[in-house]
Number of protein chains: 2
Amino acid sequence: MSDRQERKISGLAVPRLSQYYRALLDSQSRKVISSEELSLLTGFSAAQIRRDLACFGQFGKPGLGYNVEDLKNALIQILGMDREWNVALVGVGNLGAALLGYKGFRRPGFRLVAAFDIDSQKVGQTVEGVPILHEDHLIEFVQKESVQLAVITVPAAAAQEVADLLVRAGIRALLNFAPLRLKVPDSVMVHNIDVAIELERLSFLASRMKNVNFS
Amino acid sequence: MSDRQERKISGLAVPRLSQYYRALLDSQSRKVISSEELSLLTGFSAAQIRRDLACFGQFGKPGLGYNVEDLKNALIQILGMDREWNVALVGVGNLGAALLGYKGFRRPGFRLVAAFDIDSQKVGQTVEGVPILHEDHLIEFVQKESVQLAVITVPAAAAQEVADLLVRAGIRALLNFAPLRLKVPDSVMVHNIDVAIELERLSFLASRMKNVNFS
DNA sequence: TAGATTGTTAATCGATTAACAATC
DNA sequence: TAGATTGTTAATCGATTAACAATC
């Protein structure tokens with residue numbers, strides 16, 4: 001909002017911003033909200049909330065708190081959701097097909113414009129309104145339709161190749177479900193969701209629930 | 001392995017241990033491996049690898065490195081995978097059904113013993129060899145079959161109720177895909193995978209790829 | 001004005017990296 | 001023995017918390 005220089009912000013803070021946003025959506029009936037009240041709703045400390053927000057501007061009024069509507073809009077802008085992102089999904093297997101139909105993936109601000117696969121049985125079909133195209137047309141489509149974000153749900157063996165295609169096409173950020181570390185240029189952001197590793201984390205936690213300091 | 005007192009380890013280190021394990025699986029042709037070589041394979045610094053491992057014992061030999069087979073077995077034990085975990089999945093919707101069929105979820109050490117739903121159309125069916133039971137039988141089943149881990153893939157509105165059931169049944173750890181913060185006793189571990197928040201993270205990253213220090 | 005709550009600075013805490021003595 | 005690499009200690013870096021002057 002303000003045009004003063006932004007402070008450095010840790011990547012760890014980003015999902016917290018999303019949680020603040022979510023809490024505000026649940027508080028639309030209120031006019032203002034304090035960091036202390038947001039703390040109760042999100043579980044993060046009031047000090048951390050104030051500090052996280054202060055990285056991006058001065059959104060609150062001392063003695064009063066934050067205007068819910070204004071802060072919500074500020075977070076939309078901070079999170080880059082004051083625009084529509086075109087999203088493509090690559091790999092229409094079990095997981096990919098499920099994500100196409102999953103409500104959590106159909107959110108305002110994100111337009112799932114196409115899915116890609118190499119299986120000619122799937123190509124040409126439509127899943128939940130999303131057309132499945134052949135991977136051969138990926139680069140062309142991504143460029144013509146200005147797709148900026150992509151979700152990779154192909155098997156591990158194919159994932160790097162798919163990532164390379166997406167990078168060549170000029171994608172900006174990737175959400176990778178394949179269980180491997182993708183090599184991409186610094187200019188492309190990657191975030192990984194690896195359910196195998198999450199299962200092992202559960203195993204670790206369940207087997208020794210002492211001496212762990214979680215963050 | 002050794003019985004000396006374990007050092008405190010950060011929760012942040014746990015997924016790294018999984019990555020070391022994965023790298024070792026890819027290095028089975030070798031007899032020994034150094035922290036420097038593991039660093040090349042995983043992208044984590046050699047110092048960090050040595051420190052992470054040293055939390056659990058002395059697995060290496062100065063001047064030589066780590067015996068691949070021994071370290072692999074040590075990590076299996078550290079991660080709690082030297083046993084079979086019985087896992088239940090609750091909520092056989094799009095995402096839940098996909099996970100039942102997803103290879104990344106069918107791993108040695110984890111036995112997916114049952115899925116639960118409230119939809120009588122689904123109850124009684126079998127998905128990828130996993131029987132779908134009614135949620136009314138959840139507590140009974142979890143206790144009788146010693147289910148220790150559970151995956152929650154129900155809609156957000158039902159998730160807390162499901163978590164309460166699982167806690168009452170004596171579950172040890174939860175992997176929660178529903179987009180909300182579950183309230184559970186300290187004795188139950190929860191880890192969240194929230195694809196909506198991950199999408200917003202992509203949006204954040206793609207819109208401002210400066211001033212971010214990732215970890 | 002008095003009370004409340006912000007934004008920010010200083011203090012604390014924790015995690016990562018650098019460096020090196022120990023040792024294979 | 002000489003070279004390599006561990007495990008660990010000390011130094012650095014970064015993130016969180018505490019505290020409070022500023023101010024609504």
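Just so you know, these numbers come straight off a predicted model, no measurement behind them. Atom set for the values below is all heavy atoms of this structure, side chains included, hydrogens, waters and symmetry mates excluded. Within every chain, numbering begins at 1; the chains are lettered A, B, ... in the order of the sequence lines, protein sequences first and strands thereafter.
Using a 4.0 Å cut-off, some side-chain N or O of B:S35 falls inside it from OP1 or OP2 of D:dT6. Applying the 4.0 Å criterion to OP1 and OP2 of C:dT16, one finds that B:S45 has every side-chain N and O outside that range. A close approach under 4.0 Å does not occur between any side-chain nitrogen or oxygen of A:R50 and OP1 or OP2 of C:dG7. A close approach under 4.0 Å does not occur between any side-chain nitrogen or oxygen of A:Q58 and OP1 or OP2 of D:dT23.
Note: CZ (A:R51) to C1' (C:dT9) measures 8 Å, nearest angstrom. What separates CG of B:L53 from P of D:dT5 is a distance of 16 Å, to the nearest Å. Per the geometry, CD belonging to A:Q48 stands 17 Å off P belonging to C:dT8, to the nearest Å. Residue B:Y66 contributes atom OH, which lies 9 Å from atom C1' of D:dT5 at whole-angstrom precision. Summarising the geometry, the separation between CD on A:E37 and C1' on C:dA4 is reported as 11 Å, rounded to the nearest angstrom. The nearest whole Å value for the distance from the CZ atom in A:F56 to the P atom in C:dG7 is 13 Å. Distance, A:L71 CG to C:dT5 P: 16 Å, rounded to whole Å. Distance, A:E36 CD to D:dA18 P: 11 Å, rounded to whole Å.
When each of B:G60 and A:P62 is assigned the nucleotide of DNA chain D bearing its nearest heavy atom, the one mapping closer to the 5' terminus is B:G60. Nearest-nucleotide positions on DNA chain C place A:L64 closer to the 5' end than the other of A:L64 and A:A47.
In this structure, A:D117 contributes its side chain and A:G91 its backbone to no donor-acceptor pair below 3.5 Å. A donor-acceptor pair under 3.5 Å links the side-chain atoms of B:D194 to the main chain of B:A196, judged by distance alone. The backbone N or O of B:L100 sits nowhere less than 3.5 Å from a side-chain atom of B:E128 that would complete a donor-acceptor pair.
Ring to ring, B:F110 and B:F105 are not that close: their centroids are 6.0 angstrom or more apart.
Among the nucleotides C:dA15, D:dC24, C:dT5, the one closest to any side-chain atom of A:K61 is D:dC24.
Within 6.0 Å of atom CD1 in A:I118, 12 or fewer heavy atoms from other residues, nucleotides or ligands are found, so the atom counts as exposed in its surroundings.
In a base pair of the Watson-Crick type (N1 to N3 plus N6-O4 or O6-N4) or a G-U wobble (N1-O2 and O6-N3), with each distance short of 3.5 Å, C:dA22 is matched with D:dT5. Pairing for D:dA11 goes to C:dT16, judged as Watson-Crick or G-U wobble with the two contacts each under 3.5 Å.
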